[in-house]
Asker: 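Let me give you the structure first, and then I'll get to my questions.
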2 protein chains.
Amino acid sequence: MELPEAKQKFIEAWGKLGSEWGINRTMAQVHALLLVTSDALTTEDIMENLSISRGNANMTLRDLMSWGLVEKQHKAGERKEYFFADKNTWNIARQVAKERRKRELEPIMKILDELVKVKGDTKHPEYATFNKSVTDINKMAKNVDRTLDTMLKAEESWFWGSIFKMFK
Amino acid sequence: MELPEAKQKFIEAWGKLGSEWGINRTMAQVHALLLVTSDALTTEDIMENLSISRGNANMTLRDLMSWGLVEKQHKAGERKEYFFADKNTWNIARQVAKERRKRELEPIMKILDELVKVKGDTKHPEYATFNKSVTDINKMAKNVDRTLDTMLKAEESWFWGSIFKMFK
DNA sequence: TTAAACTTTCAATATATATTGAAAGTTTTT
DNA sequence: AAAAACTTTCAATATATATTGAAAGTTTAA
């Protein structure tokens with residue numbers, strides 16, 4: 001397989017994976033393109049490479065920046081904006097974990113905390129079932145939250161090292 | 001807050017979380033409904049409770065069964081099918097992890113394995129960048145895969161216990 | 001064997017999400 | 001101050017995804 005084809009394959013696969021995980025396919029593809037490109041790219045470059053419109057490229061890039069995955073670069077003597085992605089995979093994973101925690105985990109934890117407080121007759125199966133499910137999910141959410149916290153503070157090698165000690 | 005309202009809140013929140021993670025909102029809501037209901041429910045019950053059509057209820061239930069999250073129950077002397085969800089949160093998490101690994105992680109790992117093999121001139125920045133990103137992502141995918149494997153074999157208390165030892 | 005009770009299918013339709021592109025906005029240069 | 005070079009916005013539109021509901025299929029009971 002030649003490099004251009006391989007890049008294309010990667011962009012497609014990354015886009016597909018993204019869309020399966022609730023991330024806009026185009027956003028994942030722009031990210032993928034920047035991951036496999038050594039130079040920073042202009043909006044123009046990205047539009048051309050992925051055959052998308054200016055508006056789409058612009059919004060997607062801003063979105064990627066809000067996720068902390070892409071940054072602007074300015075080249076001396078040029079007005080155009082260039083974009084590049086952090087290529088450190090561990091940083092990417094942490095950044096995604098951080099954002100999803102903030103955007104999705106925190107809100108649901110807030111709701112679960114409310115629901116756990118709901119009082120009722122423990123003898124009543126409907127209440128008991130509700131309470132058990134909500135309480136258990138809340139506990140798991142808190143476990144996930146603590147684990148993410150560890151991950152966010154950790155160095156990659158230490159993190160996976162600790163995980164793999166679990167095998168022994 | 002009263003139980004019916006609390007149930008409703010839970011169903012909505014679970015549905016929203018699901019849709020953010022690439023899981024059909026209705027599917028997540030049916031799952032949520034079954035999680036907070038002590039009795040097994042009929043298709044009819046679910047249609048009514050969530051105001052969805054028969055076709056939708058039927059397909060969603062089959063989908064949930066294919067994820068291993070819901071099972072059929074037959075009551076003696078009745079023809080109707082009843083559905084109930086496993087309420088063990090750890091089982092749910094493992095089941096979801098197992099399915100997503102099979103459906104999403106495995107396919108992309110296969111592609112990454114191909115892409116890592118692509119040969120090129122290491123001195124060429126375009127190739128070097130591609131190769132580094134793909135290689136690193138491949139390694140991370142393998143780490144995630146091993147971790148999921150551990151999780152799938154593990155007991156809940158052991159798993160979280162091991163995770164939390166990481167804090168020390 | 002036919003009717004009733006139930007489940008499944010899937011083309012049509014509705015809804016949600018993503019994309020376009022041209023106009024408006026901004027900054028720099030002349 | 002006007003033009004040029006660029007970025008942003010957003011209503012209109014296209015696409016993808018989810019849902020409906022009625023017909024077809026299946027199983028059990030009369």
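Each chain gets a letter, A, B and so on, in the order its sequence line appears, and its residues count up from 1.
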Asker: Let's test this: given Watson-Crick or G-U wobble pairing with both distances under 3.5 Å, identify the partner of C:dA22.
Answerer: D:dT9

Asker: Which residues within residues 48-76 of chain B lie with some heavy atom under 4.0 Å of an atom in DNA chain D?
Answerer: B:Ser51, B:Ile52, B:Ser53, B:Gly55, B:Asn56

Asker: In Watson-Crick or G-U wobble terms, both distances under 3.5 Å, what is the partner of C:dT27?
Answerer: D:dA4

Asker: List for me each residue that meets salt bridge (Lys or Arg N to Asp or Glu O under 4.0 Å) alongside B:Glu20, sequence neighbours excluded, and say none if there are none.
Answerer: B:Lys16

Asker: Are side-chain N/O atoms of B:Thr42 and B:Asp45 paired as donor and acceptor at under 3.5 Å?
Answerer: yes

Asker: Is the NZ or CZ atom of B:Arg103 positioned over B:Trp67's six-membered ring, under 6.0 angstrom from the centre and within 45° of the axis?
Answerer: yes

Asker: For residues 120-136 of chain A, which residue pairs pass the salt bridge (Lys or Arg N to Asp or Glu O under 4.0 Å) check, not counting sequence neighbours?
Answerer: A:Glu126-B:Lys7, A:Lys132-A:Asp136

Asker: I'd like the 5' and 3' limits of the part of DNA chain C contacted by chain A, with heavy-atom contacts below 4.0 Å.
Answerer: C:dA18 to C:dT28

Asker: Would you say B:Lys87's side chain and B:Ala85's backbone share a donor-acceptor pair under 3.5 angstrom?
Answerer: yes

Asker: Give a yes or no on whether a salt bridge exists between A:Lys117 and A:Glu114, defined as a side-chain N under 4.0 angstrom from a carboxylate O.
Answerer: yes

Asker: Looking at B:Lys142, I'd like to know if its NZ atom is crowded, meaning that more than 12 non-hydrogen atoms belonging to other residues, nucleotides or ligands lie closer than 6.0 Å.
Answerer: yes

Asker: Can we say A:Glu44 and A:Arg54 salt-bridge, meaning some charged N sits less than 4.0 Å from an Asp/Glu carboxylate O?
Answerer: yes

Asker: Calculate the interatomic distance between A:Lys80 atom NZ and D:dA4 atom P; express it in whole Å.
Answerer: 17 Å

Asker: Please list, chain by chain and in numerical order, all residues satisfying ring pair (Phe, Tyr, Trp, His ring centres under 6.0 Å) with A:Phe159, sequence neighbours excluded.
Answerer: A:Trp90

Asker: Between A:Glu99 and A:Lys102, is the closest basic N to carboxylate O distance under 4.0 Å?
Answerer: yes

Asker: For DNA chain D, what residues of residues 7-28 of chain B have any heavy atom nearer than 4.0 Å?
Answerer: B:Asn24, B:Thr26

